[in-house]
Protein chains: 2
Amino acid sequence: MAETARHPSESRYGNRPTMKDVAARAGVGLKTVSRVVNSEPGVTPDTERRVHEAIDALGFRRNDSARVLRKGRTASIGLVLEDLADPFYGPLSRAVEEVARAHGALLINGSSAEDPEREQELVLALCARRVDGLIVIPAGDDHRYLEPEMKAGIATVFVDRPAGRVDADMVLSDSFGGARAGVAHLVAHGHRRIGFIGDQPRIHTATERLRGYHAALTDAGITVEDSWVSLGPTDPARVRAAAEAMLAGPEPVTALFAGNNRVTVTAVRVLAECDRRIALVGFDDIELADLLGITVISQDAATVGRTAAEHLFRRLDGAAHPPVRVELPTRLVPRGSGEIPPA
Amino acid sequence: MAETARHPSESRYGNRPTMKDVAARAGVGLKTVSRVVNSEPGVTPDTERRVHEAIDALGFRRNDSARVLRKGRTASIGLVLEDLADPFYGPLSRAVEEVARAHGALLINGSSAEDPEREQELVLALCARRVDGLIVIPAGDDHRYLEPEMKAGIATVFVDRPAGRVDADMVLSDSFGGARAGVAHLVAHGHRRIGFIGDQPRIHTATERLRGYHAALTDAGITVEDSWVSLGPTDPARVRAAAEAMLAGPEPVTALFAGNNRVTVTAVRVLAECDRRIALVGFDDIELADLLGITVISQDAATVGRTAAEHLFRRLDGAAHPPVRVELPTRLVPRGSGEIPPA
DNA sequence: TAGGCCCTGGACAACGTTGTCAAGAGAATG
DNA sequence: CATTCTCTTGACAACGTTGTCCAGGGCCTA
């Protein structure tokens, strides 16, 4: 009786051919197949042809999992961001992908949904896969959990927000300066009562932009009233409520500063329903904002992504300098909504 | 003299601890560590504690590359789309990611940039990584190169456009019906001269939408003139030129049908500069389209992505029925631009 | 023709994990 | 006290590839 096959491989779906199979079919040694597959020198044209024929006949494709195990590098990098569906992150991710591609690496994406626990879970899963490098838009504010991984050689770049309690490369936008310029722009157009609607205070960019807001008003000698400022989740309901509150009452604001693209979108909707003409400046550019005449503080997501990725690959190529902190400038783009005078 | 270390591992960066190291430190066997790491039963609480201590002390993290090699499944899926920066694909990708996450899988993204060769390159790279499944928004029209891979067990779902010369699961939007409804809407508002600006004719959705356009006009007894139709790349310059041509001349069109979101965006810009009021219906919804009053044929990118991913995982869970072809409905959303009467 | 060199090809171990299997300790049973 | 049974544990091979090293054959030179 024939011995029954019961190795795990036998039960695995597909049973793809391996180099061993190709070698047997071509009548050569295993290593020779490896050489052909990797275009290594030292194989006669004739042998090479036989191997290629066997490869085609069997439908062989190299198993990169095994290759990775042997070589120690996965040629892949991980990108953990907040939400790939957010129009800010699509272009950012695409820019990272382009750089990765230029370096022969694939990109694994994950969305943290602004949840620190989920961020950590994702990042550690990527580390277990042994990605060569990581680009993280932090959700949490403590990244010491990454220390062993970084020490073990996983290059890491933090983007958009600084790393928490960990020394690492960072690529940030000038949130403070941008917000300050935007609010100053409103002041320059005569506004004295300016509302600020931003993201949750645990998010670094939110507080930086708020700081910029305060700085601009202080510069102008204006004392901020509590009711002008609202931080919190940026879902439409919350933002709408906040905006409507600022616009109601005996002394409503005459202008709004929106802390990010999601806030801007909702603010535009609210202002469209408002009978007075309220000025608006938003942080982050938005598609079609030109047609809607929305004045924004623009930061180029693609540049942010590309810069981060380039720093990452420089590390992977061996750059050993101390962690750097890059701050990218923002740009005020006047389109009308920010130039409306106070009512 | 001590023997010089020269194994490749010695030169590898980091030299992460392995289960063997943990085992040595905890004074247990290798397999016991494996059991603890994978929460397998049959380990005394005391042993388990010792192992955990060793893991923490060494900063061990399981190497999933090795795990994958042994188990044959990578718990990852690949998504090849056209351009992650396109606002249609962000939400789609995110929806796929959510489903993958629910199944414990990671997502590897790639953009084909609408280049068939790049699509193939990406897809095959993902196959070499042995992703468990693939979701592909095809750029090319011949996918026979995927046959050996699919036969070898890589589940594949094609999205948005049908697979070329290969029998596989597909999730499509009703491009024909959607375009037909959109154009009929314009006809119903009195238009007889309607322009169509769409994507390159080798893209399936482009020709389907054009077919819907023709059907609606034929239904209305209108004979389409050549000058009303323009297919080609959807970059702003080309679209702008096409739109301006249709709006010039002795008998200009009184309405435009835009074949996708990029075309719509440019069309809106062109129409904004035009002195006459031209009607517009666009395929795909756009952020802030409500505020701009743009009538669209809406297809929900997230639903498309989720549906595709669910089908994929059903396959991975063993579903063996013949390939299915799912067609998702579209929805006409009147917002003003489509209801403008002919000048 | 002998000696040396280069070029091609293959045997073998190793990468870090998991599946299989067997051994040993202890508890339970007669 | 002998026997069986259960439970924990570890030795070992295997996953498919690549790096190392050696063998054999052909060619050149002296």
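Hydrogens, waters and symmetry mates play no part in the numbers below; they use all other heavy atoms, side chains included.
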Please report, rounded to the nearest Å, how far the [atom2] atom of [N] is from the [atom1] atom of [X].
| X | N | atom1 | atom2 | value |
| --- | --- | --- | --- | --- |
| B/Lys20 | D/dA11 | NZ | P | 11 Å |
| A/Arg67 | D/dC15 | CZ | P | 20 Å |
| A/Arg70 | C/dA13 | CZ | P | 13 Å |
| A/Arg61 | D/dT17 | CZ | P | 12 Å |
| B/Met19 | D/dC15 | CE | C1' | 15 Å |
| A/Lys71 | D/dG19 | NZ | C1' | 9 Å |
| A/Glu40 | C/dC7 | CD | P | 16 Å |
| B/Asp21 | C/dC15 | CG | C1' | 13 Å |

Quiz item: side chain to side chain donor-acceptor pair (under 3.5 Å) with B/Asp169: which of B/Arg315, B/Arg325, B/His311?
Solution: B/Arg315
Quiz item: Sequence neighbours excluded, which residues qualify as side chain to side chain contact (heavy atoms under 4.5 Å, CB included) partners of A/Glu48?
Solution: A/Val36, A/Val43, A/His52
Ignoring backbone atoms, establish whether [X] has a side-chain N or O less than 4.0 Å from OP1 or OP2 of [N].
| X | N | value |
| --- | --- | --- |
| B/Asn63 | C/dC15 | no |
| B/Arg62 | C/dT18 | yes |
| A/Ser34 | D/dT18 | yes |

Practice problem: Pick base, sugar-phosphate or nothing for A/Asp64, based on heavy-atom distances below 4.0 Å to the nucleic acid. | Solution: nothing
Practice problem: Report the residue from A/Leu146, A/Val123, A/Leu312 that forms a side-chain contact (heavy atoms from CB on, under 4.5 Å) with A/Thr156. | Solution: A/Leu146
Self-check item: Option passing side-chain contact (heavy atoms from CB on, under 4.5 Å) with A/Ile108 (candidates B/Leu107, B/Ile108, B/Asn109)
Solution: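 So the option named by the test is B/Ile108.
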Quiz item: CD of A/Glu121 to OH of A/Tyr145: how many Å apart, nearest 0.5 Å?
Solution: 10.5 Å
Quiz item: With sequence neighbours excluded, what pairs up with B/Arg67 under the side chain to side chain donor-acceptor pair (under 3.5 Å) test?
Solution: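 Side chain to side chain donor-acceptor pair (under 3.5 Å) list for B/Arg67, sorted by chain: B/Asn38.
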Self-check item: Sidechain N-carboxylate O distance under 4.0 Å for B/Glu82, B/Arg118
Solution: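 No, this pair does not count.
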Quiz item: With the sugar-phosphate defined as primed atoms, P, OP1 and OP2, and the base as all remaining atoms, what B/S/- string results for nucleotides 4-10 of chain D, 5' to 3', for protein heavy atoms under 4.0 Å?
Solution: ----SBB
